Amino acid sequence: LHLSIRRQRQMCIRDRATINGAKINYTATTGMQPVWNNENKAIATLHYTYYKGQTTNHNSKTKRPLLISFNGGPGSASAWMHIAYTGPKVLNLSGEGYPVQPYGIKDNPYSILDVADILYINPVNTGYSRTLKVDDKEPNRDLFFGINADIKYLASWLDNFVSRNNLWLSPKYLIGESYGGTRVSGLALALQEQQWMYLNGVILVSPADYLTFDSDTPLSSSLFLPYFSAAAWYHKALSSNFQSKELELILPEVEKYAVDVLLPALAKGSMLSTSDKEKIATQMASYTGISKKVILQHNLDLPSRVFWKELLREKSGHTIGRLDSRYLGIDRKLAGNSPDYSPELTSWLHSFTPAINYYMREHLNFKTDLKYNMFGSVHPWDNRGNNTREQLRKAMAENPYLNVLFQTGYYDGATTYFHSKYTMSQIDPSGQLTDRIQFKTYHSGHMMYVRQADLKTANDDIREFLQQTNQQNKTAKY
């Protein structure tokens, strides 16, 4: 079957997975469900894939948890976590996450489908999701492409999906990667206050907290320092006194220095004395593998793009990746202050694009002439009114069941692990919610799960989080 844009359609298959040595039967339903406006007219249709595990005890009144999964961008499809992380199939990659031919998919022995059902959603213009004309006119883009518009229509769409699939009694969780972290932080409160749908958990995978990145330079820049150390350590670019230590033994010192020394130094600007600037540049050089001269040339504010270009310039001539600094690139010239391209992203698109297209068409039997948008047209994106960090805090305060799990990679140079740690501290400045927030780190980058060892560990961390927070027979009260 083929379609141009059909607002409602679905295909369902049955399959079996072996997860942690145990066999589980499941159904996979992939389809389209409309977004309705206030006049009950369809203004868009969203593409989704819903995995439902078959329980052995059909008489049980206990509902399986539902994990609702979003990727980021904004403008990114859900393919990334779908076929590389939590789903029952993963694409062919090497143990460290590099493309392997022949392209395709294989079983995921670490999927969390053994403990939860999973719903992957493609927001408007990603995957096969598209807007729909109303009375021969395209709907207003402002209904979809902005922080608050995105949250509003997705909350309504989820309410519809939960009702259609009789999922109101299921414990519900949101998981969002990168910009998806912003999205699900806001969705947690929108679902509670607009749809009266309460969650058990929110999982933030390498979350992009734009309140941090768009803040004054001293704060955002100083938080990069621990990532610089981690990436330099991975590439063996640190001095011997640091390189000889385990990474986890180095980072606490660098984190403390970033907050206690570098942050106030950058805040002082020209008021910082020359001697203090020299002293800090010397220490930063030892933490980053970047020369004191280069650091001083940037007034202690080392841009991440300069770091990616500079770290291995004299050693091998390679650049390093932004989203995962384990990956290497080759530029036209050694000179310059910025890499020509992102080697990790081209590597991932190399393998993800054929895998998701093959999987949708040949395995899930969802055949269409529509292009699967790995990245869709969603810009300009309205970033005004971003209050998602506070929205997540308020959702937690209103809902004693709601817990949060952070998952971050040490070598992520875009949404760094220490930026996430700062976000965690600002979600709960009072410290009263600390026992409901977990923070996990991995020896990989933005998509930690592409590394085989972290695919297992990260899924196990989610599995444990789901089991810990599935509040059966517990009262929601303080």
Side-chain angles (χ1 to χ4, degrees), residues 10-20 22-31 33 46-55 62-72 76-91 105-123 126-127 129 154 157-158 161-162 164-177 180-181 183-184 187 191 197 199-205 352 355-356 359-360 363-364 366 405 407 447 449 455-456 458-467 469-470:
Q10 65 181 30
M11 302 294 293
C12 184
I13 68 163
R14 296 182 181 274
D15 207 340
R16 172 180 285 194
T18 301
I19 301 171
N20 289 327
K23 295 186 183 302
I24 177 171
N25 296 317
Y26 66 90
T27 58
T29 303
T30 188
Q33 179 183 293
L46 300 192
H47 174 235
Y48 67 89
T49 303
Y50 172 43
Y51 295 96
K52 185 176 182 180
Q54 305 299 304
T55 58
T62 301
K63 290 281 189 176
R64 280 166 57 88
L66 174 66
L67 181 68
I68 301 164
S69 182
F70 293 96
N71 272 93
S76 177
S78 65
W80 310 98
M81 290 200 289
H82 186 172
I83 59 166
Y85 192 7
T86 51
K89 304 290 183 183
V90 289
L91 75 167
I105 58 170
K106 58 188 177 183
D107 292 339
N108 180 5
Y110 311 119
S111 168
I112 53 93
L113 188 57
D114 58 330
V115 296
D117 299 335
I118 316 170
L119 172 63
Y120 299 94
I121 302 170
N122 290 303
T126 70
S129 300
L154 287 172
W157 188 94
L158 279 169
F161 185 90
V162 165
R164 286 186 176 199
N165 291 275
N166 193 26
L167 294 168
W168 277 102
L169 297 185
S170 299
K172 297 169 190 67
Y173 296 80
L174 297 176
I175 181 170
E177 179 178 271
R183 174 179 284 136
V184 299
L187 265 175
L191 287 171
M197 185 186 298
L199 305 171
N200 280 47
V202 172
I203 302 170
L204 305 173
V205 181
F352 274 83
I356 191 64
Y359 183 52
M360 283 292 162
H363 193 87
L364 297 180
F366 194 84
L405 169 64
Q407 295 186 302
M447 303 197 311
Y449 44 83
L455 173 65
K456 180 182 188 308
N459 271 302
D460 284 345
D461 288 338
I462 292 179
R463 185 177 287 103
E464 183 179 2
F465 178 72
L466 296 177
Q467 292 168 342
T469 58
N470 191 350

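When reading the values below, keep in mind they use all heavy atoms of this one structure, side chains included, and skip hydrogens, waters and symmetry mates. Everything quoted here is computed from the prediction, not taken from an experiment.
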What about the rings of Phe352 and Trp80, do their centers lie closer together than 6.0 Å?
->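 Distance test on ring centres: under 6.0 Å, yes.
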
For a quick test of reading the model, state the closest non-hydrogen atom pair linking [X] to [Y] and the distance between them.
X: Ser111; Y: Ile19; answer: O-CG2, 3.0 Å
X: Thr86; Y: Leu67; answer: CG2-CD2, 4.5 Å
X: Thr30; Y: Tyr48; answer: OG1-O, 2.9 Å
X: Thr27; Y: Gln54; answer: CG2-NE2, 3.7 Å
X: Ala355; Y: Leu91; answer: CB-CB, 3.7 Å
X: Ile83; Y: Tyr359; answer: CG2-CD2, 3.8 Å

Distance check, rounded to the nearest 0.5 Å: [X] atom [atom1] versus [Y] atom [atom2]?
X: Met197; Y: Leu167; atom1: CE; atom2: CG; answer: 9.0 Å
X: Asn71; Y: Thr126; atom1: CG; atom2: OG1; answer: 9.0 Å
X: Thr49; Y: Met11; atom1: OG1; atom2: CE; answer: 12.5 Å
X: Asn200; Y: Phe465; atom1: CG; atom2: CZ; answer: 8.5 Å
X: Ile121; Y: Phe70; atom1: CD1; atom2: CZ; answer: 3.5 Å
X: Lys172; Y: Lys63; atom1: NZ; atom2: NZ; answer: 9.5 Å

More than 12 heavy atoms of other residues, nucleotides or ligands under 6.0 Å from NZ of Lys89: is that the case?
->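 Enclosed: over 12 neighbouring heavy atoms sit under 6.0 Å from NZ of Lys89.
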
Other residues, nucleotides, ligands: >12 heavy atoms within 6.0 Å of Arg14 CZ |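 Open: at most 12 neighbouring heavy atoms sit under 6.0 Å from CZ of Arg14.
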
Do Ser78 and Asn122 meet the criterion of a side-chain donor-acceptor pair at a distance under 3.5 Å?
->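 Yes, Asn122 and Ser78 have a side-chain donor paired with an acceptor closer than 3.5 Å.
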
Please check if any side-chain donor atom of Tyr85 sits under 3.5 Å from a side-chain acceptor atom of Ser69, or the reverse.
->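 Distance-only check fails for Tyr85 and Ser69.
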
Backbone N/O of [Y] and side chain of [X]: donor-acceptor pair under 3.5 Å:
X: Asn459; Y: Leu455; result: yes
X: Arg64; Y: Ala116; result: yes
X: Trp157; Y: Gln33; result: yes
X: Asp117; Y: Gly53; result: yes
X: Ser129; Y: His47; result: yes
X: Arg463; Y: Tyr110; result: yes

How about [X] and [Y]: do any of their side-chain heavy atoms sit closer than 4.5 Å?
X: Lys52; Y: Thr29; answer: no
X: Asn165; Y: Leu119; answer: no
X: Thr18; Y: Asp107; answer: no
X: Tyr173; Y: Asn470; answer: yes

Does the pair Leu46 and Phe161 meet the rule for a side chain to side chain contact (heavy atoms under 4.5 Å, CB included), with working shown?
-> CA-CA 11 Å; Leu46 300 192; Phe161 185 90; over 6 Å; no

Arg183/Leu174 under side chain to side chain contact (heavy atoms under 4.5 Å, CB included): CA gap, chis, key distance, verdict = CA-CA 10 Å; Arg183 174 179 284 136; Leu174 297 176; over 6 Å; no

On the 0 to 90° scale, with breaks at 30° and 60°, tag the His82-Tyr120 ring pair as parallel, tilted or perpendicular.
->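 Answer is parallel, since the angle falls under 30°.
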
Give the intermediate values and the outcome of side chain to side chain contact (heavy atoms under 4.5 Å, CB included) for residues Asn108 and Tyr449.
-> CA-CA 11 Å; Asn108 180 5; Tyr449 44 83; over 6 Å; no

Under the side chain to side chain contact (heavy atoms under 4.5 Å, CB included) rule, what do Ile462 and Ile175 come out as? Steps first, then yes or no, please.
-> CA-CA 10 Å; Ile462 292 179; Ile175 181 170; 3.9 Å; yes

